[in-house]
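So that the names make sense, note that chain A is the first sequence line, chain B the second, and so on, each numbered from 1.
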Amino acid sequence: MASQYVPQDIEEKWQEEWEKLGIYQAHDLDEKPKYYSLVMFPYPSGDLHMGHMRVYTISDVISRQRRMLGYNVLNPMGWDAFGLPAENAAMSRKKHPEDWTTSNIKYMRDEQLKKLGTSYDWRREVTTCNKDYYHWTQWIILKFFENGLCIRKEAPVNWCPDCQTVLANEQVEDGNCWRHLETRVEQKMMSQWFLNITKYADPLLNDLDKLVGWPERVRVMQQNWIGKSEGAELVFTVDSKPNVQIPVFTTRPDTVFGVACMVLAPEHPLVKELTAPECKEAVEKYVDEASHKSELDRMSTEKSKTGVPIGTSVINPFNGDIVPIWVADYALVNYGTGAVMNVPAHDERDFEFAKKFNLPIKQVISEDGSKVESMTEAYTGPGTMVNSGQFDGLTNDEAKKKMIDWAAQNNCGKARTQFRLRDWLISRQRYWGCPIPLIHCEKCGVVPEKEANLPVVLPTEGVQITGEGGSPLKKMEDWIKTSCPKCGGAARRETDTMDTFICSSWYFLRYPDALNPKEAFANDKVNYWMPVDQYVGGVEHAILHLLYARFFTKALRDLGYVNCDEPFTNLLSQGMVTKFSPDSGRIEKMSKSRGNVVGTTDFFKKYGADSARLFTLFAAPPEQELEWNEDGAVGQYRFLGRVWRLVSDLIEVGALSENDKAPSMDSLKDRAKPVLKLVHKTIKAVTKDIQPPRYVFNTAIARLMELVNGLGDYLRDTKAVENAQNLSAEEKSLLGFACRHLLLLLAPMAPHISEELYQQLPSRKGKTGSIHTETWPTFDEALTVDDEIELVIQVNGKIVNKISARRGLDKQQAEEIALTDNKVKDKLNGSSVKKVIVVPDKLVNVVI
RNA sequence: GCCGAAGUGGUGAAAUGGCAAACACGCUACGUUCAGGGCGUAGUGCUCGCAAGGGCUUGUGGGUUCAAGUCCCACCUUCGGCACCA
């Protein structure tokens, strides 16, 4: 008997060998067709868990197979290394964020990713907190600043009291901080840096249609997030102050004749100015209360509307109605114009508001053309215009257009598109992030740092991280003090750092030219590799990261730095790995903060990396959520053990041919013929399964198991191992062929064991080169079909018999077989046959 | 409330409208001088039956079809996204 399968004996050996051989290096500008395979890079938290392992395995299998298919594959890896956990660690462990991050990276790279047997080109490793990298993050922000895409403005912002920093909208979940799900986000007015992503709202929305290689669900999520609404801006004039005009945004300009009141958001700048003296007290009280409510409070307090009138009125420009102005917190200051026209008859929310405060409800659209005395609920459907002056009788759709035209002609409105997407708030009052390369000069205002002075280095010496009192950079006077790049006078550096999502919005552009000290990326290299052919990542990034990355790509394209306008041609959005969390008592996404992680190290020690890879691939198809349960893992270990024994037994007894000649069907014994067919069938099935758009690795593995089981049966039946000395050349050739192909097909998924056994094959004697640079197997279509088939015989759709028959029977022959079958005759029992359906080579259905 | 995805054995899961449950895990029995997650063989959807054999089965209820897990309609449940967005 041959040696036992001990993964620990072979895995590290091959990992070192592969690195020495450099087989995973990508070649810039090579003539081979390029394939850019990318996986979302991790935050270096210090430990990779099974959720990570699943993504990296999937992406690695894709990369490895593409390499075997003859592509010049770029499969890089890096670290999303700025971020708050490093600061928290600094406080709790008294370790500098940089040291903490660096040692985490080292551990995760050398002990976890490399030991998983991944095929990265490590020469291109990118670490976002390294000067060499964030130099170019800053450079991009300068370019954005020069082109008006990076702006400073006063705006209501989300403030997380735990993080002591502002958050982007995308980082607020249900009114809570995405990082501290128990912490309510507060609203504050602050002057902050924004990226003008709304400028790209339309292309970001429209180009989703181009992304046919993306999962539908992700496109829908982005579409919802961008949230385009078309309608009109209508201008109402204040009754008592004819020079004050208030625009509202509405998607229903057709209902303007039914306006009952105007509603301003509590933060609306005109509230103070327009409040009548007798209402002042009540309005101030209301506004003050609203400001203390977080967004969550505003939503979660019972759905009933609140609000107070401010004692002034506006004139409806369409019919001259004078309607009161109210202030109510259901109007949001940062959507539309912060002011809403309230039409109770045709909006459910407005209806509720009007009912509560006794406002008049006037019908202006009728479902059937008739007028109604009083309405019991809002009618939001289509219909005919009523009570609307010259527009009466039109359908409301026609009226919409005509009324917008009328408003434009009369200077009281225009068509307007409104997006739910808001500008991206990027400044953070934190230390461990990329410094914003802008300088405040008393004379010149905000001045960009000179390109030649980049990077603006984040100071590492003398930083005090306490978690209190805002950014630690604020206290670093020596660092803050600088001179103005424009006038040379005294000036101060911006102390806010960037949202880390900026760093990850362009990292895929750096890999193509990761070591370039002179520019972010050379034009020819980035355009050779981009766009990414296959991106793999968790569905949890469906909005945030993917939207930002698309925005960066489009902006950089418009500035002339890249050619492609979408960064990721194909996206595999892998399902989350979940597990019961003792903290919450629920099944949740595996993550450190939820206390339900399963690390990789123990798993590798127990079963080896190959089994770990197979297990995560086998447990479920990649897009599906996977609840972690290790019980099935042993099955993969056993399977690899069977592969090992099968191949090494055959090698030991000399049952494998010493050349690569394929056996010929004709010269094989009858018992051996199906084995050759099985190999061809397996090549066909596995190839199909692990390629797009299927990517179903679980069934690919199942097919390999069937091959191994089939080979095992054959060896048992023929006693080939016991009687190896009697094997004919053709049989040896068959067994050699089968083993070689088994290993080639297994190679992308279980790279170590397949390499180890492959190199031991007798046919490899005197040859060099890794299995991972071999050519992916091809199959003979003719050998994937059987001559004998099993014909299923049905009567009225129910199976009565299964008869083995020759492939390729015509309909009449098949029909005859069915009708002469005894079981069919029994069922017929004298009744007449109405119809016979024949599915060639599959089934005959006799209908009686 | 709106949008999307999904509901199949004890478990993870397979099935271009054509044999439901491939492949595994688990379990049962047997074999192996095998100490414990070793290896091999056979069995294993549910149900009636000693058996031969029969009946039932893809969340629920309808429909289309010779034929439905798969297509259509309604509903239920779970998960995910959006949500006072005017």
Side-chain angles (χ1 to χ4, degrees), chain A residues 1 4 173-174 215-229 231 248-252 255 263 265 295 298-299 301 303-306 328-332 334-343 347-350 352-353 418-422 539-540 542-543 575-576 578 587 589 606-607 614-615 618-621 623-639 641-642 645 696 698-706 708-709 712 716 790-799 801-802 834-848:
Chain A
M1 270 298 189
Q4 273 231 300
E173 291 178 13
D174 290 334
E216 177 75 19
R217 59 172 169 167
V218 175
R219 296 198 310 228
V220 169
M221 278 190 226
Q222 295 220 347
Q223 199 178 317
N224 288 344
W225 186 262
I226 296 168
K228 183 174 183 171
S229 305
V248 299
F249 171 71
T250 178
T251 54
R252 296 297 304 273
T255 64
V263 176
E295 211 165 305
R298 279 205 198 177
M299 290 189 305
T301 45
K303 286 258 172 175
S304 98
K305 305 283 170 282
T306 59
D329 66 6
Y330 81 79
L332 306 173
N334 45 10
Y335 184 79
T337 62
V340 187
M341 65 182 210
N342 178 300
V343 185
D347 182 285
E348 279 162 31
R349 194 190 34 199
D350 292 349
E352 195 194 323
F353 190 81
Q418 175 68 36
F419 291 94
R420 209 194 71 99
L421 181 72
R422 303 193 191 151
V539 69
E540 63 273 25
I543 296 172
M576 290 188 289
T578 61
I587 294 166
K589 173 183 176 329
K606 224 163 161 183
Y607 300 110
L614 284 194
F615 178 58
F618 187 70
E623 305 220 271
Q624 198 166 309
E625 194 168 283
L626 170 59
E627 190 187 335
W628 185 255
N629 178 356
E630 215 169 292
D631 289 350
V634 64
Q636 304 306 314
Y637 182 67
R638 278 184 204 155
F639 167 62
R642 278 203 298 279
R645 278 194 305 280
V696 276
N698 52 333
T699 52
I701 294 168
R703 300 313 290 262
L704 290 173
M705 288 173 164
E706 283 176 292
V708 171
N709 293 345
R716 187 160 41 83
E790 199 175 54
L791 199 59
V792 176
I793 311 294
Q794 295 183 329
V795 172
N796 281 347
K798 292 209 164 190
I799 297 154
N801 207 355
K802 295 171 188 179
K834 276 194 200 142
K835 192 161 148 185
V836 180
I837 312 274
V838 179
V839 181
D841 294 332
K842 268 192 185 145
L843 163 147
V844 181
N845 188 9
V846 180
V847 185
I848 58 174

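- In this structure, Arg420(A) places its CZ atom 16 Å from P of rC3(B), rounding to the nearest Å.
- Heavy atoms of Arg638(A) sit under 4.0 angstrom from primed sugar atoms or phosphate atoms, though from no base atom.
- One atom, CD of Glu348(A), and another, C1' of rG1(B), lie 8 Å apart when rounded to the nearest Å.
- Straight-line distance from the CG atom of Asn698(A) to the C1' atom of rU11(B): 15 Å, rounded to whole Å.
- The separation between Phe618(A) atom CZ and rG26(B) atom P is 12 Å, rounded to whole Å.
- With a cut-off of 3.5 Å on both Watson-Crick or G-U wobble distances, the partner of rU77(B) is given as rA6(B).
- Figure legend. rA21(B) is base-paired to no nucleotide; pairs are counted as Watson-Crick or G-U wobble with both atom distances under 3.5 Å.
- Between Arg642(A) and rC39(B), a side-chain N or O to OP1/OP2 separation shorter than 4.0 Å is absent.
- With sequence neighbours left out, Glu216(A) forms a side-chain hydrogen bond (donor to acceptor under 3.5 Å, both in side chains) with Arg219(A).
- Searching all strands for a Watson-Crick or G-U wobble partner of rA15(B) with both distances below 3.5 Å returns nothing.
- Within 3.5 Å, a donor on the side chain of Asn845(A) pairs with an acceptor on the base of rC66(B), or the reverse.
- Rounded to an integer number of Å, the gap from Leu843(A) CG to rC66(B) P is 14 Å.
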